[in-house]
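A short write-up of the structure that comes next.
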Amino acid sequence: MSYENLLIEKENGTAVVTINRPKALNALNEATVRELDKMIDEIEADQDVAVLIITGSGQKSFVAGADIVEMKDKNAMEGRDWGILAQGVFNKLENMKKPVIAAVNGYALGGGNELQMACDIRIAADNAKFGQPEVTLGITPGFGGTQRLPRLVSKGMAKKLLFTGAMIDAAEAYRIGLVDELVPADHLMAAAKKMAVKIQSVAPLAVQLCKSAVNRGINMDLQSGIQYEDEVWGLCFSTNDQKEGMQAFVEKRKAEFSGK
Ligand code: CAA
């Protein structure tokens, strides 16, 4: 498939997707969001890809938000449709079967922070910057920010970031749990790929089911979540990977998982 605003590299089971609109600091216009949608289908269907990494082109920006130039003259219905389109794509990304790592290489603002929050695991370069500056533009976040942010950091911290529009640095983002790993900028892709390799070394179906249990469980009350865990845990025992994983342990050898 061909893309105008995305670069896709696939190597050793990992796909690296780079959002590539450097002149606009990789801001998300509608065409790019539609390409992300297409890319998700492509990666999900590609049997040679086990893990997806999303990053931004250049040294300066992951994604500097939704494209303000494209968005500024929208009316209420157009604005709402734009939000619904992007939210749908971010929901789809969050619920991909395959694990998704955000490698945040610079500004992750507005829709950029919302994009990285829709990924499973976030690794930030130490020069990355985060924020939800929408209030400085007279709007609220519209790609899931008001909902995912308080689910990742404290409610008060989310409101602090949302109400002030302030930018925070990567160390602060790590401290408050907005990102999960902090690395020197020149090690970012190596760290993301290393994590992808590590994830590929374990049982793929178990990873997929962990993802489903966390994503679905977090929106349930505790007892319903625990019950859902029972279901996925039980399901694991129907897989070859469970037989292989436990047999390998008993035989003191490395497991060879088939993802079946
Ligand atoms: N949309 C469109 N273009 C953008 C953009 C955006 N979100 N962010 C940066 N650009 C463009 C700039 O207009 C500029 O283009 P020109 O060279 O043609 O003038 C180019 O990228 C470089 O940007 P700057 O000159 O501003 O670079 P800087 O280093 O001085 O500042 C920055 C960098 C602090 C990130 C600044 O560009 C900035 O504040 N960008 C906007 C960030 C923002 O408000 N994002 C939220 C958008 S709204 C949103 O995302 C809503 C939502 O919930 C989905």
Side-chain angles (χ1 to χ4, degrees), residues 4-7 17-37 39-40 54-94 100 102-119 122 124-153 155 157-173 178-179 185 188:
E4 213 174 297
N5 302 319
L6 301 181
L7 305 172
V17 170
T18 304
I19 297 169
N20 186 37
R21 297 188 71 222
K23 284 187 184 147
L25 300 184
N26 307 320
L28 297 174
N29 59 0
E30 186 176 328
T32 307
V33 168
R34 290 192 185 282
E35 288 192 358
L36 284 170
D37 190 28
M39 174 280 290
I40 293 168
I54 298 183
T55 193
S57 69
Q59 308 288 317
K60 188 171 167 180
S61 184
F62 174 69
V63 167
D67 190 313
I68 300 167
V69 179
E70 186 184 77
M71 171 166 72
K72 72 181 185 23
D73 295 323
K74 286 191 189 301
N75 64 30
M77 287 312 289
E78 290 164 347
R80 187 162 168 269
D81 287 348
W82 171 218
I84 289 170
L85 170 75
Q87 281 176 352
V89 174
F90 286 18
N91 288 341
K92 187 165 155 180
L93 178 71
E94 185 169 52
V100 183
V104 183
N105 56 309
Y107 290 116
L109 301 175
N113 191 44
E114 291 167 302
L115 175 64
Q116 68 111 20
M117 290 194 293
C119 298
R122 286 155 283 283
D126 55 6
N127 65 342
K129 295 233 170 8
F130 300 81
Q132 294 290 160
E134 285 84 351
V135 289
T136 69
L137 297 165
I139 56 171
T140 63
F143 296 177
T146 61
Q147 302 308 306
R148 290 197 176 92
L149 189 56
R151 283 167 169 80
L152 275 177
V153 305
K155 193 160 82 170
M157 186 58 79
K159 287 179 178 169
K160 182 173 136 182
L161 293 172
L162 292 166
F163 293 1
T164 62
M167 235 189 268
I168 57 171
D169 64 20
E172 175 69 351
L178 182 56
V179 297
L188 178 65

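Computed from a prediction, not measured in an experiment: that's the story for all the values here. In each ligand, atom 1 is the first atom listed, and ligand 1 is the first ligand listed.
Residue, atom and distance of the protein heavy atom nearest to atom 51 (C) of ligand 1 are Glu134 OE2, 3.3 Å.
Within the 3.5 Å criterion, the main-chain N or O of Ser57 finds a donor-acceptor partner in the side chain of Asn26. Between the side chain of Gln87 and the main chain of Gly142, a donor-acceptor pair closer than 3.5 Å is present. Of the possible donor and acceptor atoms, none in the side chain of Glu94 sits under 3.5 Å from a partner among the backbone N and O of Asn91. The backbone N or O of Ala125 sits nowhere less than 3.5 Å from a side-chain atom of Asn105 that would complete a donor-acceptor pair. The backbone N or O of Ala102 lies less than 3.5 Å from no partner atom in the side chain of Arg122, so there is not a single donor-acceptor pair. A donor-acceptor pair under 3.5 Å links the side-chain atoms of Glu35 to the main chain of Asn5, judged by distance alone.
Between Ile68 and ligand 1, a contact under 3.5 Å exists for at least one N or O pair. The shortest N/O to N/O separation between Gly142 and ligand 1 falls below 3.5 Å. By the 3.5 Å distance cut-off applied to N or O atoms, Thr140 is not counted among the residues near ligand 1. When only interatomic distances are considered, the shortest N/O to N/O separation between Ile139 and ligand 1 does not fall below 3.5 Å.
Applying the 4.0 Å criterion to heavy atoms of Phe143 picks out, from ligand 1, the atoms 53 (O), 54 (C). Residue Leu109 has at least one heavy-atom neighbour below 4.0 Å for each of these atoms of ligand 1: 35 (C), 42 (C). Close contacts between ligand 1 and Glu114 involve ligand atoms 52 (C), 53 (O), 54 (C) [criterion: under 4.0 Å to a heavy atom]. In the vicinity of Gly111, heavy-atom distances shorter than 4.0 Å reach the ligand 1 atoms 49 (C), 50 (O), 52 (C), 54 (C). Close approach of ligand 1 to Leu137 (heavy-atom distance below 4.0 Å) involves ligand atoms 44 (O), 47 (C), 48 (S). Counting atoms of ligand 1 from 1 in the listed order, those under 4.0 Å from a heavy atom of Asp67 are 1 (N), 2 (C).
For the pair Met117/Leu178, a side-chain contact is recorded, criterion being any heavy-atom separation below 4.5 Å from C-beta on. Under the 4.5 Å side-chain criterion, counting only non-hydrogen atoms from C-beta, Asp67 is not in contact with Thr32. Under the 4.5 Å side-chain criterion, counting only non-hydrogen atoms from C-beta, Leu36 is not in contact with Leu93. Taking the side chain as every heavy atom from C-beta outward, Met77 and Arg80 approach each other to under 4.5 Å.
Within a 4.0 Å radius of atom 37 (O) of ligand 1, the protein contributes one or more non-hydrogen atoms. Distance check for atom 19 (O) of ligand 1: every protein heavy atom is found at 4.0 Å or beyond. Within a 4.0 Å radius of atom 6 (C) of ligand 1, the protein contributes at least one heavy atom. For atom 30 (O) of ligand 1, no protein heavy-atom neighbour is present inside the 4.0 Å cut-off. Proximity of atom 23 (O) of ligand 1 to the protein is indicated by at least one non-hydrogen atom lying closer than 4.0 angstrom. Under the 4.0 Å distance rule, the nearest protein heavy atom to atom 13 (O) of ligand 1 falls outside the cut-off. Within the 4.0 angstrom cut-off, atom 16 (P) of ligand 1 has no protein heavy-atom neighbours.
Summarising the local packing, CD of Glu78 is surrounded by more than 12 heavy atoms from other residues, nucleotides or ligands at distances under 6.0 Å. Under a cut-off of 6.0 angstrom, the local environment of NZ in Lys74 is crowded, with over 12 non-hydrogen atoms contributed by other residues, nucleotides or ligands.
Within the structure, ring pair (Phe, Tyr, Trp, His ring centres under 6.0 Å) pairs that include any residue of residues 54-86 comprise Trp82-Phe143 (at least two apart or interchain).
Heavy-atom separations between Met71 and ligand 1 include at least one value shorter than 4.0 Å.
Between Lys129, Lys60, Lys23, Gln87, it is Lys60 that holds the heavy atom closest to atom 27 (O) of ligand 1. Looking at Gly65, Ala64, Ala24, it is Ala64 that brings a heavy atom closest to atom 42 (C) of ligand 1.
At a 4.0 Å heavy-atom cut-off, ligand 1 touches Pro133 through the side chain alone.
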